[in-house]
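Inspection log for the structure reproduced underneath, given as structure tokens.
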Amino acid sequence: MDRRTGRARWILALVAAAISALAAAMPAAAAPEEGTGTPLTVMTRNLYLGGDITRPLDAVQAAPPGQEIPAFIAANTTLRAIVDATNFPLRSKQLALEIAQREPDLIGLQEVALWRHGPLDGSPATTVDYDFLATLRSDLEALGEPYDIVDVQQESDVSGPAIRGGALQNVRLTMRDVMLKRAGDRVKVLDSGGSQYVTRIPLQLAGQSLAFIRGYNWADVLVGAKQLRFINTHLESQSSNVAYAQAAELLQGPAAPNGTPTIVVCDCNSDPLNGSIKSTDTVPHWAPYRLITGAGGFSDEWLQFAPAEQGWTSGLSELVNDTPEQAAARFNHRIDMVFARSSSGGPMPVDQAWVTGKDPDLRTAATPTGRLWPSDHAGVVVRLRP
């Protein structure tokens, strides 16, 4: 080895030792401070099942003795016709445009209906009429905005006779809550699941015991260097007592405090400004909301950004063909929420927030009943700093 080669090696060794010593002296990389990490955009969206599901039940309760079954069939036939009139394939294209415009990383969907029919022979109805989930994902794909399914939680699955195509058929509705993730690696799903609430509204129909079933999805995700939990739920609409008990189940289950930043999106069916009490209830309409933001420790993230009156999300008519003037009056309360609880228990900073689905120009093309809004609810999108 000549002197020049030996000297070069000695210099390289000295430099390597210096770099190693410097690296050892530097502190280890820390996780991002709370509220300074990678932004996360989340959305809550009720797709609207297409009609008033209580119509057949109300008809049975109002029917004279012995006329319950004919009353049910007539009302169920009307319901199914309204589902056709509210035309989800058209509405889905507008919903997809909403999503494509805001590009949420995670979406919680409610009332993701699956309508089917079949012969009235005692077998389950299996012929698909409308699959809201498949249609919406197809429309998103067509816009170049693919979304992956994180979790599908089945809720109520009910069927009954109705006249379709001039014949008596078995009409079936399966309700689902669905969690979607924008395709790509920006958000990584570590684990996910869902469940139905134990608390339900019991029903008796033609001697059979039924129940309105609600539930939730959850997912543990990694956003940048931060892990958090994302939850989607749909609380009961017919009873604040039941919705309150379901919220309590949620707070004892996937939304229980554990030091992990947690986001809950929901159709909560609880208006924070409505203190009225339904005749069959003992708690006011705002009780589930106040439980989540009180004992649950969650912050109403919309209020971190704008006043409540700028965030009205409900509610339009059953046919969702309201004129812009009617819609302006009927969007008069807020039940669709984005809640968050940081690792320290406080709110998450909000970069931006939007209400979607209220622009009259984004209604569908004309139908026999008029131009249709994307849903009977508006959606809420919030960009947070977990």
Side-chain angles (χ1 to χ4, degrees), residues 26-45 99-110 112 133 136-137 140-141 144-153 176-195 215-233 250-266 292 296-302 304-305 337-354 379-386:
M26 292 177 66
E33 292 184 14
E34 191 169 277
T36 63
T38 304
L40 179 73
T41 303
V42 301
M43 181 181 200
T44 182
R45 198 65 176 102
I99 294 169
Q101 182 181 18
R102 299 303 176 196
E103 297 183 336
D105 299 298
L106 293 167
I107 308 175
L109 300 174
Q110 308 91 32
V112 188
L133 178 57
L136 180 60
R137 291 186 71 217
L140 285 165
E141 186 83 35
E145 291 287 339
Y147 274 77
D148 299 328
I149 297 172
V150 177
D151 186 75
V152 177
Q153 176 58 47
R176 301 165 295 181
D177 294 326
V178 175
M179 190 178 289
L180 299 179
K181 181 186 83 71
R182 193 164 184 246
D185 296 331
R186 189 174 185 280
V187 175
K188 295 180 174 63
V189 177
L190 305 176
D191 197 10
S192 64
S195 188
Y216 56 82
N217 319 93
W218 62 268
D220 290 331
V221 302
L222 193 64
V223 184
K226 180 155 287 188
Q227 182 175 332
L228 60 88
R229 173 159 287 189
F230 181 67
I231 298 169
N232 170 49
T233 191
L250 189 74
L251 295 175
Q252 293 164 7
N258 61 1
T260 300
T262 303
I263 299 168
V264 177
V265 300
C266 69
I292 293 168
F298 283 92
S299 295
D300 181 342
E301 293 294 317
W302 177 264
Q304 304 295 319
F305 178 77
M337 308 290 180
V338 174
F339 298 114
R341 185 180 60 214
S342 67
S343 56
S344 64
M348 290 183 189
V350 176
D351 285 352
Q352 185 64 263
W354 303 267
V380 179
V381 181
V382 181
R383 187 166 66 228
L384 302 162
R385 295 275 178 172

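Checked by atom type and distance alone, the side chain of Q110 never pairs as donor or acceptor with a backbone atom of D177 at under 3.5 Å. Using modelled atom types, no side-chain atom of R182 and backbone atom of E103 make a donor-acceptor pair closer than 3.5 Å. For K181 (side chain) and V189 (main-chain N/O), no donor-acceptor pair under 3.5 Å exists by modelled atom type. A donor-acceptor distance shorter than 3.5 angstrom exists from the side chain of R229 to the backbone of P254, with no hydrogens or angles considered. Remark: the backbone N or O of W218 is not paired with any side-chain donor or acceptor of D151 at under 3.5 angstrom. A donor-acceptor pair under 3.5 Å is formed between the side chain of T233 and the backbone N or O of G215. For R102 (side chain) and T41 (main-chain N/O), no donor-acceptor pair under 3.5 Å exists by modelled atom type. N217 places no side-chain N or O within 3.5 Å of a backbone atom of G194 that could act as its donor or acceptor partner.
V264 places a side-chain heavy atom less than 4.5 Å from the side chain of L250. Between I99 and Y147, some side-chain heavy-atom pair lies under the 4.5 Å cut-off. Taking the side chain as every heavy atom from C-beta outward, Y216 and C266 never approach each other to under 4.5 Å. T38 is not listed as a side-chain neighbour of K226, based on a closest heavy-atom distance of 4.5 Å or more.
Across A100 and E145, no two heavy atoms sit closer than the pair CB-CG, 3.7 Å. Between F339 and D300, the shortest heavy-atom contact is CD2-CA, 3.9 Å. Contact record, M179 with A219: SD-CB, 3.5 Å, taken as the closest heavy-atom pair.
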Could you pull out all donor-acceptor pairs under 3.5 Å where a side-chain atom in residues 345-354 meets a protein atom, sequence neighbours excluded?
unit_1 : atom_1 : unit_2 : atom_2 : d
D351   : OD1    : R385   : NE     : 3.4
D351   : OD2    : R385   : NE     : 2.8
D351   : OD2    : R385   : NH2    : 3.2

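When each of I149, V150, D148 is checked for a side-chain contact (heavy atoms from CB on, under 4.5 Å) with L180, only I149 meets the rule.
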ask   = Please walk me through it: do V42 and F230 pass side chain to side chain contact (heavy atoms under 4.5 Å, CB included)?
value = CA-CA 9 Å; V42 301; F230 181 67; 3.8 Å; yes
query = Are L40 and L228 close enough, and set up right, to give a side chain to side chain contact (heavy atoms under 4.5 Å, CB included), and what steps lead you there?
reply = CA-CA 11 Å; L40 179 73; L228 60 88; 3.9 Å; yes
ask   = Given D220 and Q227, is the side-chain hydrogen bond (donor to acceptor under 3.5 Å, both in side chains) satisfied, shown in steps?
value = CA-CA 7 Å; D220 290 331; Q227 182 175 332; 4.7 Å; no
D105/V221 under side chain to side chain contact (heavy atoms under 4.5 Å, CB included): CA gap, chis, key distance, verdict = CA-CA 11 Å; D105 299 298; V221 302; over 6 Å; no
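Distance check, rounded to the nearest 0.5 Å: CG of L106 to CG of L384 gives 10.5 Å. Interatomic distance, L222 CG to D185 CG, rounded to the nearest 0.5 Å: 11.0 Å. Here the OG-CD1 distance, from S299 to I263, works out to 12.0 Å after rounding to the nearest 0.5 Å.
With sequence neighbours excluded, no residue satisfies salt bridge (Lys or Arg N to Asp or Glu O under 4.0 Å) with E141. In this view, F298 satisfies the ring pair (Phe, Tyr, Trp, His ring centres under 6.0 Å) rule with no residue, not counting sequence neighbours.
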